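Working notes for the structure below.
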Amino acid sequence: MRQRIFAGNWKMNLNINDGVELVNRLKSIHTESLIIVCPPFTMLDAVSKAAKDSKVMVGAQNMHFEEKGAFTGEVSADMLIELGITHVIIGHSERRQYFAETDETVNKKTLYAISKGLIPIICVGESLQQREAGNAPEVVNRQVEAAINGVNTDKLIIAYEPIWAIGTGKTASPKDAGEVITGIRDTLRRLLGDKADDISILYGGSMNGSNVNELMEQKDIDGGLIGSASLSYEKFIQLF
Ligand code: PEP
C-alpha cells in the first residue's frame with residue numbers, strides 16, 4: 001500500500017542507549033505516517049526490543065544476498081528477521097561509493113530480501129556531475145530498472161536520494177525532486193503495471209522540518225529517507 005513514510009537512517013552514529021531512548025520517545029508520537037528507524041547492526045536487537053508492539057518499525061542498513069556461509073563481516077536476511085527487523089536499506093549511495101555496491105548486487109539483495117519477506121528500501125540517485133549534465137532522470141530510472149529486475153511485487157520502497165544532497169545541507173528543489181520521482185513512478189508502472197500505485201517513493205537528501213512540507217506537496221513524493229535529522233528526536237518529529 002502506498003503510505004506516507006519517514007525512515008531514519010542513523011548510519012554509523014549513536015550508541016545503544018541513545019538508540020533505545022530515541023525509539024522509546026518516538027513510540028509515543030501519534031502520527032498517520034509510518035516511522036521506520038534504521039540503526040547500525042550492533043543496536044538492532046536492543047532497538048527492535050524497544051520498538052516491539054509499537055508502530056515504529058526497525059530496518060537494517062544493509063544485508064548480504066546469500067543465505068549463509070563464508071562471508072566474513074556480513075549479515076544475512078535470516079539474522080535480521082530473527083531480531084524482528086522488517087525493512088532493509090539497499091544500495092545507499094554511501095554503500096555504492098565506499099563498499100563497491102553495484103546495480104547487480106543491489107538487484108541480488110532486493111530479490112533476496114523480498115524472497116524472505118523483508119521490505120527493501122532501495123536507494124537510487126544521481127551525482128552532481130550527472131545532474132549538471134542533465135542526465136538525472138535517465139541515471140535514476142536505469143538504477144530503478146536494474147534494482148527491480150525480476151521483481152513482481154509492490155512490497156518494496158524506493159528512495160530517491162540525489163548524491164549531492166546527502167549530508168550537504170543542499171536539497172533538490174521540490175519541483176526537481178518531484179519530477180524525478182514522477183519519472184520513477186512511470187518506470188515502475190512500465191515494469192510492474194498497477195502495482196506501481198501501491199509503492200511508496202521517498203525523497204532523501206538533507207530533508208528537515210523546514211523543507212519537508214514543500215517536498216511533500218509533490219504528487220508522487222510519499223515521504224522521506226532522512227539521515228542527520230533522524231538522529232535527534234526534536235528534529236525527526238518535525239517531519240511527521
Ligand atoms: C541519507 O543518508 O540517506 C540522507 C538522506 O542523509 P541526510 O538527510 O543527512 O542528507
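Computed from a predicted structure; not experimentally measured. Worth knowing before you read on, the calculation uses all heavy atoms, side chains too, and leaves out hydrogens, waters and symmetry mates. As the structure lists them, so they are numbered: ligands from 1, and atoms in each ligand from 1.
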**Request:** Mark the output for A159 as yes if a heavy-atom distance to ligand 1 is under 4.0 Å, and as no if none is.
**Result:** no
**Message:** Under 4.0 Å, counting heavy atoms only: does A229 come that close to any atom of ligand 1?
**Reply:**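 Checking ligand 1 against A229, which is what was asked, there is no heavy-atom contact under 4.0 Å.
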Shortest protein heavy-atom distance from [atom], along with the residue and atom involved:
| atom | result |
| --- | --- |
| atom 3 (O) of ligand 1 | E161 OE2, 2.6 Å |
| atom 9 (O) of ligand 1 | S228 OG, 2.6 Å |
| atom 1 (C) of ligand 1 | H92 NE2, 3.3 Å |
| atom 8 (O) of ligand 1 | G227 N, 2.8 Å |
| atom 2 (O) of ligand 1 | K11 NZ, 2.5 Å |

Keeping the roles fixed (side chain from [X], backbone from [Y]), state whether a donor-acceptor pair exists under 3.5 Å.
| X | Y | answer |
| --- | --- | --- |
| R185 | A196 | yes |
| N107 | N149 | yes |
| Q218 | A177 | no |

**Request:** Have a look at F236 and tell me which of N208, I29, I35 forms a side-chain contact (heavy atoms from CB on, under 4.5 Å) with it.
**Result:** I35
Mark up the atoms of ligand 1 that fall under 4.0 Å of a heavy atom belonging to [X], in ascending order.
| X | result |
| --- | --- |
| S206 | 7 (P), 8 (O), 10 (O) |
| G167 | 7 (P), 9 (O), 10 (O) |
| A165 | 10 (O) |
| G205 | 5 (C), 10 (O) |

**Message:** Please evaluate residues S93 and Q97 with respect to the criterion side-chain hydrogen bond (donor to acceptor under 3.5 Å, both in side chains), reporting the C-alpha separation (whole Å), side-chain torsions for both, the decisive distance (0.1 Å), and the verdict.
**Reply:** CA-CA 6 Å; S93 61; Q97 187 177 353; 5.6 Å; no
**Residue part near ligand 1, for N9, under 4.0 Å between non-hydrogen atoms** =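 Only the side chain of N9 comes within reach of ligand 1.
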**Asked** Hey, is C123 touching ligand 1 through its side chain, its backbone, both or neither, going by heavy atoms under 4.0 Å?
**Response** neither
**Asked** Does one side chain, of E161 or H92, offer a donor that lies under 3.5 Å from an acceptor on the other?
**Response** yes
**Request:** Classify the side-chain pair Y160/E126 by whether it contains a donor and acceptor separated by less than 3.5 Å.
**Result:** yes
**Request:** Output, in order, the C-alpha distance, side-chain angles, deciding distance and verdict of side-chain contact (heavy atoms from CB on, under 4.5 Å) for Q238 and V212.
**Result:** CA-CA 9 Å; Q238 285 174 27; V212 63; over 6 Å; no
**Item:** Rounded distance (nearest 0.5 Å) linking atom CE of M216 with atom CG of L202
**Value:** 8.5 Å
